Amino acid sequence: RRDDGAYDLRWFTPTVEVDLCGHATLASAHVLWDERILPASEHARFHTKSGELTAWREGETIRMDFPSEPVVESEGPAALAEALNVPFSFAGKNRMDWLVEVADEAVVKAVAPSCARSSRSPSAASS
């Protein structure tokens, strides 16, 4: 625990450190409360590569506050369209992610991503 009462938190994949991982943040907060390291009434605060993240309990529910990352419209790389295997009407990017818009719910339900395509070239979707 840091002097300011927060915790340092970092996330890693098998090959790289990532800027944000919501599920791991949720799990970290849960462990702090479950192991009584942090009182249930106290917010869990984490210093991360994405800034300070906060989690708090509301009954049995854990709520979290994440930084807002504006999306800037950008032509998605061809590899993104190939990996998603759906036509999209908008592509945008922020510091961490690509966001695509598709025509309707039916397109989302029919998505059949090409996992082989996306796993073959991890940097393809981050271009």
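Values in this document were obtained by computation on a predicted structure and should not be read as measured data. We count residues from 1, following the sequence as given.
No path of Ile, Leu, Val, Met, Phe, Trp and Tyr side chains, each step under 4.5 Å between heavy atoms, connects Val31 with Trp56, placing them in separate hydrophobic clusters. Hydrophobic clustering of Ile, Leu, Val, Met, Phe, Trp and Tyr side chains at less than 4.5 Å, counting indirect connections, keeps Val72 apart from Val100. There is a path of hydrophobic side-chain contacts, each under 4.5 Å, that joins Val111 to Leu84. A single hydrophobic cluster is not seen to contain both Phe90 and Phe88; linkage of ILVMFWY side chains at heavy-atom distances under 4.5 Å, directly or through other members, places them apart. A chain of hydrophobic side-chain contacts below 4.5 Å, direct or via other Ile, Leu, Val, Met, Phe, Trp or Tyr residues, connects Phe66 to Val18.
For the atom pair CD (Glu101) and OG (Ser89), the distance works out to 4.0 Å, reported to the nearest 0.5 Å. Taken from CG in Asn85 to CG in Leu80, the straight-line distance is 11.5 Å, to the nearest 0.5 Å. Between the NZ atom of Lys49 and the SG atom of Cys21 there is a distance of 13.0 Å, given to the nearest 0.5 Å. Distance CG/Asp4 to NE2/His47: 4.0 Å, rounded to 0.5 Å. Separating the CG atom in Leu9 from the CZ atom in Arg45 is a distance of 13.5 Å, to the nearest 0.5 Å. Atoms OG and CG, on Ser74 and Leu99 in that order, are 11.5 Å from each other to the nearest 0.5 Å.
With a 6.0 Å radius and a threshold of 12 heavy atoms from other residues, nucleotides or ligands, Arg2 has its CZ atom above the threshold. For Glu58, the CD atom is densely surrounded, since the number of other residues' heavy atoms within 6.0 Å is greater than 12.
Scanning all heavy atoms of the two residues, the minimum distance from Ala44 to Leu32 falls at CB-CD1, 4.3 Å. Of all heavy-atom pairs spanning Pro70 and Ser68, the tightest one is CD-O, 3.6 Å. The minimum heavy-atom distance between Trp11 and Ala24, with the atom names listed, is CD1-CB, 3.4 Å. Across all their heavy atoms, Asp19 and Ser50 have their closest contact at O-OG, 2.5 Å.
A salt bridge links Glu42 with Arg1: the closest approach of a Lys/Arg side-chain nitrogen to an acidic carboxylate oxygen falls below 4.0 angstrom.
Arg57 places no side-chain N or O within 3.5 Å of a backbone atom of His30 that could act as its donor or acceptor partner. No donor-acceptor pair under 3.5 Å is formed between the side chain of Trp98 and the backbone N or O of Ala91. With hydrogens and angles disregarded, a donor-acceptor distance shorter than 3.5 Å links the side chain of Thr13 to the backbone of Thr15.
Pairs engaging residues 64-76 under the salt bridge (charged side-chain N to carboxylate O under 4.0 Å, His left out) rule: Glu69-Arg95 [sequence neighbours left out].
In this pair, Phe46 and Tyr7 present their aromatic rings tilted. The plane angle is within the 30 to 60° band.
Considering Ile62, Leu53, Thr48, Thr54 as possible partners of Thr25, the one that fulfils the side chain to side chain contact (heavy atoms under 4.5 Å, CB included) test is Leu53.
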